[in-house]
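So you know, we letter chains A, B, ... as the sequences are listed, proteins then strands, and number each from 1.
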Amino acid sequence: MLDIKQIRNQTEQVKAALGRRGDYDLSSLLALDAQQREIEKTRSDLQASSNEVGKSVGQKMRGGADPKSDEIKALKDEGNRLKQEISELEPKERELKVQIESILLTLPNLPSDSTPEGKSEDDNVEVRRWGDELIDADKTCLPHYEIGEKLGIMNFERSVKVAQSRFVTLIGAGAALERALISFMLARHTDAGYTEVLPPILVNSDSMQGSGQLPKFAEDGFKCDRDDLWLTPTAEVPLTNLHREEVLTAEQLPINYCAYTPCFRREAGSYGRDTRGLIRLHQFNKVEMYKFVHPDSSFNELEKLTADAEDVLQQLKLPYRVLELCTGDLGFGATKTYDLEVWLPSAGKYREISSCSNCVDFQGRRANIRFKESGKKGTQYVHTLNGSGLAVGRTMAAILENYQQADGAIAVPEVLQKYMGVDVIK
RNA sequence: GGAGAGGUGGCAGAGUGGUCGAAUGCGCUCGACUUGAAAUCGAGUGUACCGAAAGGUACCGUGGGUUCGAAUCCCACCCUCUCCGCCA
């Protein structure tokens with residue numbers, strides 16, 4: 001959520017920054033805000049008078065005044081009159097606040113100054129590449145889902161029977177490889193100083209709003225209606241909300257979490273895309289990294305977070321590139337994002353496998369997560385960052401394709417061998 | 001799911017209609033005493049919004065109601081705990 005004060009006081013800057021992402025009209029928001037403030041001022045003055053009246057009645061009564069005296073009666077009448085006036089303003093003020101809030105909740109975060117200009121993913125800027133492509137795109141290279149089905153380690157058809165399309169069942173070495181990847185990633189991150197968390201994966205609507213999924217993206221989520229619970233689309237949701245409505249101390253920061261969770265997405269609006277394989281499923285596994293940090297360090301922390309995600313790919317010796325997202329492709333809550341794309345030889349292109357974002361105070365304000373610096377008055381919102389480290393299914397896809405051997409077997413990446421207990425899948 | 005108890009400041013805990021944003025204790029900060037520390041003593045110590053400031057408003061789980069006035073009374077809801085039932 002954006003800061004209404006900033007919108008009010010630095011309107012032109014906010015407009016310009018939002019304008020880089022799309023078309024946003026702030027005039028009605030500002031008008032509502034001005035109205036609300038005026039009503040609030042009037043109401044709180046009336047309230048002060050009313051409190052005065054109440055106090056003086058109390059004083060006189062204790063002083064032995066007759067409750068039926070004209071003096072007391074006059075005060076009560078005055079109190080009633082004020083109450084009447086206040087009660088007329090209150091609903092208006094409340095309504096205005098609701099309207100303002102609902103507009104604020106739909107405004108995306110402001111892009112950072114360094115975020116490149118652009119309309120779509122085509123305008124993202126490549127920052128660097130890493131690794132040699134193990135397999136030439138020219139060479140006959142099977143897509144991961146064909147490899148998987150041939151080896152009997154994944155099954156899509158039966159998953160349709162069990163659930164529906166866009167689900168997978170992993171079997172034998174496939175299931176073991178997925179588990180090995182999760183363990184390996186978590187081990188890597190905990191070594192790097194992240195605390196492992198296994199959070200609830202059903203989350204309530206307040207949590208979904210706190211991290212930015214609601215109200216705007218309700219269509220993307222799976223919901224258990226009877227209970228006001230949603231299946232988490234990403235561990236970012238429970239991790240953000242772990243500290244919702246809290247005031248942390250500056251000494252507690254930074255807080256670094258990593259978490260493995262299944263993730264659930266409807267993938268509405270992507271019916272034709274990536275219909276086969278592990279790339280776009282309704283349910284997938286992900287290891288997420290998450291940071292709560294001091295505002296001074298969040299951009300620096302984004303570089304570290306991205307490096308921690310890259311480290312997983314490097315350990316697995318998977319070629320990848322790093323993109324900085326342009327204004328048109330930036331996620332709703334993010335101010336600056338690096339995407340990691342892994343090389344998929346069957347497609348002859350790089351595919352997103354991680355997204356690392358600095359949300360600055362956007363989620364902190366939404367979820368009311370603050371911190372206090374000793375000696376300083378008041379509180380500040382924490383900055384939050386999230387990054388996949390990594391999407392597990394897509395990592396498996398990359399491994400199957402990049403590590404396939406001439407005989408159709410899959411070499412197990414060295415760092416996974418101790419988790420798998422074998423060095424080849426055939 | 002059934003029965004009962006309860007939700008008050010960082011924590012513990014008092015407060016059952018008025019001067020209560022809230023006693024007291026602990027914690028924390030500053031000061032005094034001390035060679036230093038402990039102990040002791042003194043002062044201070046919530047958050048948000050409005051305001052240049054003085055100051056004002058709101059907040060005692062949440063939302064409504066009664067009243068001139070609500071932490072306190074009434075209604076609804078939420079949550080937590082204990083016991084029973086069910087259960088990985």
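- One atom, CD1 of Ile86(A), and another, P of C68(B), lie 13 Å apart when rounded to the nearest Å.
- Within the 4.0 angstrom heavy-atom criterion, only backbone atoms of the sugar-phosphate kind lie near Arg94(A); the bases stay farther away.
- Counting only heavy atoms from C-beta outward, the side chains of Arg81(A) and Val53(A) never approach each other to under 4.5 Å.
- Contact check for Leu318(A) versus Thr395(A): side-chain heavy atoms found under the 4.5 Å cut-off.
- Separating the P atom of U67(B) from that of C74(B) is a span of 16 Å, rounded to the nearest Å.
- To the nearest whole angstrom, the two C1' atoms, one in C49(B) and one in G42(B), are 34 Å apart.
- Atom-to-atom, CD of Glu95(A) to P of G63(B) comes out at 17 Å; the value is rounded to the nearest Å.
- Side-chain contact between Tyr338(A) and Asn358(A) is absent, with no heavy atoms from C-beta onward closer than 4.5 Å.
- Base-pair partner of G18(B): C68(B) (Watson-Crick or G-U wobble, both distances under 3.5 Å).
- Among the protein residues, Lys372(A) comes within range of the sugar-phosphate backbone only, with heavy atoms under 4.0 Å from sugar or phosphate atoms but none that close to a base.
- With P as the reference atom, A12(B) and G56(B) are 31 Å apart, rounded to whole Å.
- In this structure, Glu93(A) atom CD and C50(B) atom P are separated by 12 Å, rounded to whole Å.
- Nucleotide G51(B): unpaired (no Watson-Crick or G-U wobble partner with both distances less than 3.5 Å).
- Pair check for A38(B) finds none; no Watson-Crick or G-U wobble contact set falls under 3.5 Å.
- Across all strands shown, U62(B) forms a Watson-Crick or G-U wobble pair, both distances under 3.5 Å, with A76(B).
- Comparing the C1' positions of C78(B) and A88(B) gives a spacing of 27 Å, expressed to the nearest Å.
- Going from the C1' atom of G10(B) to that of C28(B) covers 9 Å, rounded to whole Å.
- When the P atom is compared between C75(B) and G4(B), the two are found 15 Å apart, to the nearest whole Å.
- At the heavy-atom level, Lys55(A) lies nowhere under 4.0 Å from the strands shown.
- Whole-Å rounding puts the Arg81(A) CZ to G69(B) P distance at 13 Å.
- When distances run from any side-chain atom of Glu40(A) to the nucleotides C49(B), C68(B), U57(B), the shortest one goes to C49(B).
- Taking atom CD on Gln35(A) and atom P on C50(B), their separation rounds to 17 Å, with Å as the unit.
- Between Lys83(A) and G69(B) there is a side-chain polar atom (N or O) within less than 4.0 angstrom of OP1 or OP2.
- Comparing U57(B), C49(B), C68(B) by their nearest atom to the side chain of Ser44(A) picks out U57(B).
- In this structure, Thr335(A) contributes its side chain and Leu110(A) its backbone to a donor-acceptor pair below 3.5 Å.
- The nearest whole Å value for the distance from the CG atom in Asn51(A) to the P atom in U67(B) is 17 Å.
- The nearest whole Å value for the distance from the CZ atom in Arg37(A) to the P atom in U57(B) is 19 Å.
- Of the two residues near RNA chain B, Glu52(A) and Leu75(A), the one whose nearest nucleotide lies more 5' is Glu52(A).
- Both Gly54(A) and Gly378(A) sit near RNA chain B, but only Gly54(A) has its closest nucleotide nearer the 5' end.
- Phe184(A) places a side-chain heavy atom less than 4.5 Å from the side chain of Val415(A).
- Nucleic acid contact for Lys5(A): sugar-phosphate only, since backbone atoms but no base atoms lie under 4.0 Å from a heavy atom of the residue.
- Across the strands present, C86(B) finds no partner; the criterion is a Watson-Crick or G-U wobble pair with both atom distances under 3.5 angstrom.
- Nucleotides A58(B) and A52(B) have their C1' atoms positioned 23 Å apart, rounded to a whole Å.
- His243(A) and Tyr257(A) have parallel rings, their planes meeting at less than 30° on a 0 to 90° scale where 60° marks the start of perpendicular.
- Looking at heavy-atom distances under 4.0 Å, Arg365(A) makes no contact with the nucleic acid at all.
- On the P atoms, A76(B) is 29 Å away from C84(B), given to the nearest whole Å.
- Using a 4.0 Å cut-off, some side-chain N or O of Arg370(A) falls inside it from OP1 or OP2 of A48(B).
- The side-chain heavy atoms of Cys224(A) and Leu202(A), taken from C-beta on, include a pair separated by under 4.5 Å.
- Base pairing of U29(B): its partner is A43(B), meeting the Watson-Crick or G-U wobble criterion (both donor-acceptor distances under 3.5 Å).
- For Gln47(A) and G69(B), the CD to C1' distance is 11 Å, given to the nearest whole Å.
- Pairing of A23(B), defined by two Watson-Crick or G-U wobble distances under 3.5 Å, is not identified with any nucleotide.
- Across all strands shown, Ser56(A) has no heavy atoms under 4.0 Å from either base or sugar-phosphate atoms.
- When heavy atoms are screened at a 4.0 angstrom cut-off, Gly58(A) is found touching base atoms of the nucleic acid.
- Salt-bridge formation is not detected for the pair Asp123(A)/Lys119(A): no Lys NZ or Arg NE/NH1/NH2 atom is positioned less than 4.0 Å from an Asp or Glu carboxylate oxygen.
- When both distances must be under 3.5 Å, the Watson-Crick or G-U wobble mate of C81(B) is G4(B).
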